[in-house]
Amino acid sequence: MKNLIKSCGLLAAMLLSSGACAGDISVEDAWVRATVPGQDAAMADMRITSKQSASLVGASSSVAKIVEIHSMSHENGMMKMREVKSVELPAGRRVGLGESGYHLMLIGLKAPLKAGDSVPLTLRIRVGKSEPVELEVQAGVRPLTETRAPPQETGHMHHHQH
C-alpha cells in the first residue's frame with residue numbers, strides 16, 4: 001500500500017510539473033471552408049499564440065479520417081502543398097496559419113461541411129520538450145468563397161492553462 005501511495009504521489013508530481021511549464025496557449029479565428037458534395041478534403045485556418053516557445057505538432061477531428069499540417073509555397077510559378085511535422089509558435093507572437101503559409105487539411109471528410117456549422121478540432125501543441133497538450137477548438141464553417149478571416153471578426157477563442 002505504501003508503494004502505491006508513493007507511486008501515485010510521484011505520478012501526480014510529474015503531471016503537475018509538466019503542466020506548469022506548458023504555459024498559456026490561445027487559439028483565435030479558427031475556421032474551415034465549406035465543401036461541395038463529393039469533396040473529401042477541406043482547409044482549416046486559425047491564429048495561435050503561446051506565451052512560451054511551442055510547436056503545433058498535430059491535430060485531429062471527428063469529421064475527418066485524418067488531419068495533416070500542410071505548408072504552401074510558390075515554386076517555379078506553381079503552388080506546392082506539402083505535409084510538415086510541425087509549425088513553430090514563437091513565444092508571445094501570434095501565428096496566423098494562413099498568413100504564414102500553413103494550414104490544416106481535413107482529409108477523408110465524413111460529410112460535406114456547410115456554412116454556419118461548426119467543426120470540432122483537437123490541436124496537439126508541444127511546449128519545450130514536454131509531452132504535447134491537447135486543445136479543443138470549435139472552428140466555424142465559412143462559405144466556400146471565403147479566402148481569409150474578416151478583420152473585424154474575433155471568431156472562436158480558447159485559452160488553455162497549465
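- When all heavy atoms of Val32 and Ala44 are compared, the pair lying nearest together is CG2-CB, 3.7 Å.
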(request) Report the C-alpha distance between Asp45 and Asp29 in whole Å, list the side-chain angles of each, state the deciding distance to 0.1 Å, and finish with yes or no for side-chain contact (heavy atoms from CB on, under 4.5 Å). (result) CA-CA 8 Å; Asp45 192 2; Asp29 299 326; over 6 Å; no
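- Shown here is Lys110, whose NZ atom has more than 12 heavy atoms of other residues, nucleotides or ligands within 6.0 Å.
- Remark: the backbone N or O of Val63 is paired with a side-chain donor or acceptor of Ser61 at under 3.5 angstrom.
- Taking CD of Glu83 as the start and CD1 of Ile69 as the end, the distance is 8.0 Å to the nearest 0.5 Å.
- Considering only heavy atoms from C-beta on, Lys85 stays 4.5 Å or farther from Ser55 through its side chain.
- To the nearest 0.5 Å, the span separating NZ on Lys80 from OG on Ser73 amounts to 8.5 Å.
- Here the CZ atom belonging to Arg47 is positioned 10.5 Å from the CH2 atom belonging to Trp31, to the nearest 0.5 angstrom.
- The side-chain heavy atoms of Met46 and Leu104, taken from C-beta on, include a pair separated by under 4.5 Å.
- Here NZ of Lys51 is found 11.0 Å from CD1 of Ile25. Values are rounded to the nearest 0.5 Å.
- In terms of hydrophobic clustering, with Ile, Leu, Val, Met, Phe, Trp and Tyr side chains grouped at heavy-atom distances under 4.5 Å, Val57 and Val137 are assigned to different clusters.
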(request) Would you sort out whether Val27 and Leu121 count as a side-chain contact (heavy atoms from CB on, under 4.5 Å), showing the intermediate values? (result) CA-CA 11 Å; Val27 177; Leu121 293 168; over 6 Å; no
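- At least one donor-acceptor pair closer than 3.5 Å links the side chain of Thr35 to the backbone N or O of Leu113.
- Considering all non-hydrogen atoms of both residues, Leu106 and Ala64 come closest at CB-CB, 3.9 Å.
- In terms of heavy-atom proximity, Ile107 sits nearest to Glu68 at CD1-OE1, 3.5 Å.
- Side-chain atoms of Ser60 and Arg124, non-hydrogen and from C-beta on, do get closer than 4.5 Å to each other.
- The side-chain contact (heavy atoms from CB on, under 4.5 Å) test with Leu56 singles out one residue from Leu97, Val95, Leu135, and that residue is Leu97.
- Residue pairs meeting the ring-ring contact (aromatic ring centres under 6.0 Å, His included) criterion with at least one partner in residues 98-141, sequence neighbours excluded, are His70-His103.
- Here the shortest heavy-atom pairing between Ala34 and Leu144 reads O-CD1, 3.0 Å.
- Here the closest non-hydrogen pair linking Ser53 and Ala91 is N-CB, 3.5 Å.
- Looking only at atom types and distance, the side chain of Glu134 has no donor-acceptor partner in the side chain of Thr122 under 3.5 Å away.
- Of all heavy-atom pairs between Gln138 and Pro120, the closest is NE2-CB, 3.5 Å.
- Enclosure of atom CE in Met78 is not indicated, since only 12 or fewer non-hydrogen atoms of other residues, nucleotides or ligands lie within 6.0 angstrom.
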